Amino acid sequence: MNTSKLDDPQNSYLQSYDKVLQMLWPITFSSYFVDTSYGHTYIIESGGKLSPPLILLHGARMSSTMWYPNIEEWSKHYRVICIDILGDKNRSISEKKFTNRSSYACWLNEVLDHLQINKTNIVGLSYGALHTVNFLSFFPQKVNKAVLISPAATYIPFNPMFYSYAMGMVSNKEGVKSFLEWVFDNRYTVDPLIEQQLIAGTFENAFPPNQEETQTERGFPYVFKDEELAQIQTQLLLLLGEKEVMYNPEEAFCRAKNSSPHITVEMVKGVGHLMSMEKPKQINKRVLCFLEK
């Protein structure tokens, strides 16, 4: 593959991404690309090679670097594989457009096949949680247990306010800061390196995916039908933040609580959408407890 774009010293998004890894990632890691029919998928891996696998799927535009507060604890127990979701803003490089939800699931299945992972646990947050439920709809045999944190849409639609802030986010740098303030509401301050990565990814040209189509046209965001959720036999833990602003968390709780045969739904007090960053010790412990019981 052509890596000239990756080596361009002027590429400030890649520089900001790498700086987060260098400065905030608390343990050793390897990083590499997995080639799929849809493009080159970037992966950050930590933990023992012989430990059972745990796949992490990040929130939109946050990339795999967002897992830095969680990686150390989870890597004590698992071979943790953080996947930069193809088509989103991160280090992965798209070469073929996704056309529908099935194509996204097939891409992720290709990644797992390349890694020779026949069955795994998955933790997904926001957009990553949406991808997790989508993957379960097509390849349930590949997943042992799944943790869904603040899923994007999935159970209920976004508030209109979300689209307003999302549009502001791509308008100017202050829009990025306003978006973060809306999500965290003074409970938590995002590390400046993460903020800089978000800003660089929004405004600077670092091999973005083709943008002619919106995510909606490719199948996301998506609210799953009752019959789709009812067919999921996997053990699920759904964590919703009491301070969620992207949709009404109580409504999501009510829709989700009996949606699948083996789902546990919990409202986490005092946190919002990005709870894995806000309260990492609490979330790290809850995730491990669920996966290991």
Side-chain angles (χ1 to χ4, degrees), residues 12-17 19-21 23-24 56-70 82 84-85 87-92 124-131 148-206 208-209 211 213-216 218 220-223 239-249 251-252 268 270-280 283:
S12 61
Y13 175 74
L14 296 183
Q15 289 178 335
S16 65
Y17 185 113
K19 194 167 186 180
V20 172
L21 281 181
M23 304 297 289
L24 299 182
L56 303 187
L57 297 175
H58 59 79
R61 305 192 79 86
M62 295 297 291
S63 86
S64 293
T65 63
M66 66 158 280
W67 297 112
Y68 79 89
N70 318 106
C82 308
D84 271 0
I85 297 172
D88 193 40
K89 187 63 186 184
N90 50 53
R91 263 190 168 274
S92 291
L125 183 140
S126 189
Y127 185 53
L130 172 59
H131 269 275
L148 314 172
I149 304 174
S150 309
T154 308
Y155 293 97
I156 61 172
F158 285 125
N159 286 336
M161 187 73 75
F162 163 75
Y163 294 100
S164 174
Y165 274 98
M167 287 300 294
M169 189 176 177
V170 298
S171 301
N172 54 57
K173 293 181 181 180
E174 290 305 314
V176 174
K177 295 182 178 182
S178 295
F179 183 86
L180 292 173
E181 289 170 4
W182 176 60
V183 168
F184 290 113
D185 191 29
N186 298 318
R187 294 183 308 273
Y188 175 84
T189 302
V190 175
D191 189 284
L193 294 175
I194 293 286
E195 184 177 293
Q196 180 53 43
Q197 184 189 334
L198 274 171
I199 291 171
T202 302
F203 298 104
E204 297 174 25
N205 187 24
Q211 299 291 353
E213 298 170 313
T214 66
Q215 287 182 339
T216 303
R218 298 196 300 261
F220 291 132
Y222 184 76
V223 176
L239 301 177
L240 298 166
E242 179 190 36
K243 304 292 186 180
E244 176 66 72
V245 291
M246 295 193 184
Y247 46 78
N248 184 312
E251 286 182 19
V268 185
V271 296
H273 194 69
L274 287 163
M275 66 177 79
S276 60
M277 300 181 88
E278 279 192 56
K279 292 282 181 69
I283 301 306

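Just so it is clear, the values below take in all heavy atoms, side chains as well, and ignore hydrogens, waters and symmetry mates. All figures in this text were calculated on a predicted structure; none of them were measured in a lab.
Classification of the Y247-F158 ring pair by plane angle, with boundaries at 30° and 60°, yields tilted.
Annotation: side chain of M66 is not in contact with side chain of C82 (no heavy-atom distance under 4.5 Å). Counting only heavy atoms from C-beta outward, the side chains of M62 and M277 approach each other to under 4.5 Å. In this structure the side chain of L148 reaches within 4.5 angstrom of the side chain of Y155, judged on heavy atoms. Counting only heavy atoms from C-beta outward, the side chains of M161 and V245 never approach each other to under 4.5 Å. Residues I199 and E195 form a side-chain contact, since some pair of their non-hydrogen atoms from C-beta on lies under 4.5 Å apart. You'll find the side chain of P151 reaches within 4.5 Å of the side chain of L240, heavy atoms only. In this structure, the side chains of V223 and I156 stay at 4.5 Å or more apart for every pair of heavy atoms.
Looking only at distances, a side-chain donor or acceptor of N90 sits under 3.5 Å from a matching main-chain atom of I85. Listed for the N159 side chain is no donor-acceptor partner under 3.5 Å among the backbone atoms of F162. Between the S16 side chain and the Y13 main chain, a donor and an acceptor come within less than 3.5 Å of each other. Between the side chain of S164 and the backbone N or O of P160 there is no donor-acceptor pair closer than 3.5 Å. Distance alone, capped at 3.5 Å, is enough to place a donor-acceptor pair between the T154 side chain and the A152 backbone. Proximity of a side-chain donor or acceptor of E242 to a complementary backbone N or O of V268 within less than 3.5 Å is not detected.
A distance of 5.5 Å separates CD1 in I194 from OH in Y68, rounded to the nearest 0.5 Å. To the nearest 0.5 Å, atoms OG1 (T202) and CG (L198) are separated by 6.0 Å. With rounding to the nearest 0.5 angstrom, the NE2 atom of H131 is 7.5 Å from the CG atom of D88. Put simply, NE2 on H58 and CG on L274 are 12.5 Å apart, with the number rounded to the nearest 0.5 Å. Taken to the nearest 0.5 Å, the CH2 atom of W67 stands 5.0 Å off from the CG atom of L125. Distance check, rounded to the nearest 0.5 Å: CE of M246 to CH2 of W182 gives 5.0 Å.
Contact detail for G59 and S126: the closest heavy-atom pair is CA-CB, 4.1 Å. Heavy atoms only, all atoms of each residue included: S64 and Y17 are closest at CB-OH, 4.1 Å. Shown here for P249 and G241, the closest heavy-atom pair between the two residues is CB-O, 3.4 Å. Here the closest non-hydrogen pair linking F203 and M169 is CZ-O, 3.6 Å. Across all their heavy atoms, V183 and R187 have their closest contact at O-NH2, 3.0 Å.
Partners of T65 according to the side chain to side chain donor-acceptor pair (under 3.5 Å) rule, which considers only residues two or more places apart in sequence or in another chain, are S63, Q197.
Considering E278, K243, E244 in turn, E244 is the only one that fulfils the side chain to side chain donor-acceptor pair (under 3.5 Å) rule with H273.
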